[in-house]
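Position 1 is the first residue of the sequence; numbering continues from there.
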Amino acid sequence: MQANHVRPESPYTVSIPMQVKYCTQRAYQRLWNDKTSTVTTIVGQIVMALIIGSIFYGTRNDTSSFFQKGGVLFFAVLLNALIAISEINTLYSQRPIVEKQASYAVYHPFTEAMAGIVVDIPVKFSIATCFNIILYFLAGLRREPSQFFIFFLFNFVAILTVSLFWNWKREGKLTFIRCLKSIGVLPHQPRRYLKLLLSPALQPWRS
């Protein structure tokens, strides 16, 4: 017996919107049963924001603190992006279940990915809110609504982008070991670029 709006020759018994609905309900149940992980991530980001913000606390609002302010922005984007790496073990632990249920025509694999995105948005928003508000005001960045919301938007998009990147890796044919290898390489590229960018030898105009 098939639900409405399902092609008679389709092996699936429910439509794609219903598959997304059921996968979203299951994702919320997984999230609720693993509250410790979410709370630990939020607390860890708060502690990290306090540490990084205290390093740049009291910087002057003139050109003498230009590179300190740039360092705050760099650390904000980097730490917001790298928090998504903590999800990789969870993502790959779900992969055999998704593949098995997809082989039984329980649901399309992409509906599970869409459900994960829907569930992740409020969690990522909570993490970004706790981290970015503390860091922004503790580091003494410009206290203007427009500047703050631009800062928040870029960091929130960074979290979602990196999270979707690792979801894409999971949905592809990349194995867990090869994914770990890419983790060891990709996050270091922004730091190498920043080291070259801020190197005094490459910027004689700084003197």
Side-chain angles (χ1 to χ4, degrees), residues 3 5-6 10-46 48-49 76-133 135 149-183 186-187 189-190:
H5 309 295
V6 179
S10 175
Y12 298 95
T13 57
V14 293
S15 62
I16 290 178
M18 294 178 67
Q19 292 178 29
V20 175
K21 175 184 176 182
Y22 296 144
C23 289
T24 303
Q25 291 177 350
R26 186 174 66 175
Y28 272 116
Q29 291 172 354
R30 288 199 305 264
L31 181 65
W32 180 256
N33 292 328
D34 192 24
K35 298 185 293 294
T36 305
S37 176
T38 304
V39 174
T40 302
T41 302
I42 294 175
V43 172
Q45 286 295 92
I46 291 175
M48 190 66 67
V77 176
L78 183 66
L79 294 176
N80 276 286
L82 293 183
I83 192 63
I85 294 179
S86 62
E87 306 172 358
I88 292 179
N89 288 328
T90 303
L91 293 175
Y92 273 89
S93 66
Q94 298 170 5
R95 185 173 179 175
I97 301 173
V98 174
E99 292 177 346
K100 184 176 182 179
Q101 294 183 344
S103 65
Y104 292 157
V106 178
Y107 54 78
H108 290 279
F110 79 88
T111 59
E112 173 67 23
M114 292 180 62
I117 295 171
V118 172
V119 173
D120 274 347
I121 288 177
V123 177
K124 297 292 189 302
F125 185 80
S126 301
I127 294 173
T129 300
C130 295
F131 179 83
N132 292 307
I133 289 178
L135 178 62
F149 285 110
I150 291 173
F151 172 85
F152 183 86
L153 176 64
F154 270 85
N155 286 295
F156 183 57
V157 170
I159 295 178
L160 293 180
T161 301
V162 178
S163 178
L164 292 176
F165 175 77
W166 296 121
N167 271 283
W168 168 67
K169 290 286 189 181
R170 181 199 66 172
E171 296 298 333
K173 298 300 182 180
L174 192 65
T175 62
F176 181 67
I177 300 300
R178 293 183 63 186
C179 184
L180 291 179
K181 291 179 180 178
S182 63
I183 292 173
L186 293 177
Q189 303 310 314

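Atom SG of C130 sits about 13.0 Å away from atom CG of L135, to the nearest 0.5 Å. Atom OG1 in T41 sits 11.0 Å away from atom CD1 in I46 (nearest 0.5 Å). Separation of atoms CG (L31) and OG1 (T38) is listed at 4.5 Å; rounding is to 0.5 Å.
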* To do: Determine, step by step, whether F151 and N132 satisfy the side chain to side chain contact (heavy atoms under 4.5 Å, CB included) criterion, reporting the C-alpha distance in whole Å, the side-chain angles of both residues, the deciding distance to 0.1 Å, and the verdict.
  => CA-CA 8 Å; F151 172 85; N132 292 307; 3.7 Å; yes

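Although no hydrogens or angles enter the test, the distance criterion places no donor-acceptor pair under 3.5 Å between the side chain of K124 and the main chain of I121.
Heavy atoms only, all atoms of each residue included: M48 and L79 are closest at CG-CD1, 3.6 Å. Considering all non-hydrogen atoms of both residues, A27 and A115 come closest at CB-O, 4.4 Å.
With sequence neighbours excluded, no residue satisfies side-chain contact (heavy atoms from CB on, under 4.5 Å) with Q29. For T40, the side-chain contact (heavy atoms from CB on, under 4.5 Å) partners are T36, not counting sequence neighbours. For the side-chain hydrogen bond (donor to acceptor under 3.5 Å, both in side chains) test, residues two or more places apart in sequence or in another chain that qualify with R26 are Q101, Y107, E112. Scored by the side-chain contact (heavy atoms from CB on, under 4.5 Å) test, L153 finds V157 as partners (sequence neighbours excluded). In terms of the ring-ring contact (aromatic ring centres under 6.0 Å, His included) criterion, residue partners of F125 (sequence neighbours excluded) are, by chain and number, F152, F156. Remark: F154 engages I150 in a side-chain contact (heavy atoms from CB on, under 4.5 Å) (not counting sequence neighbours).
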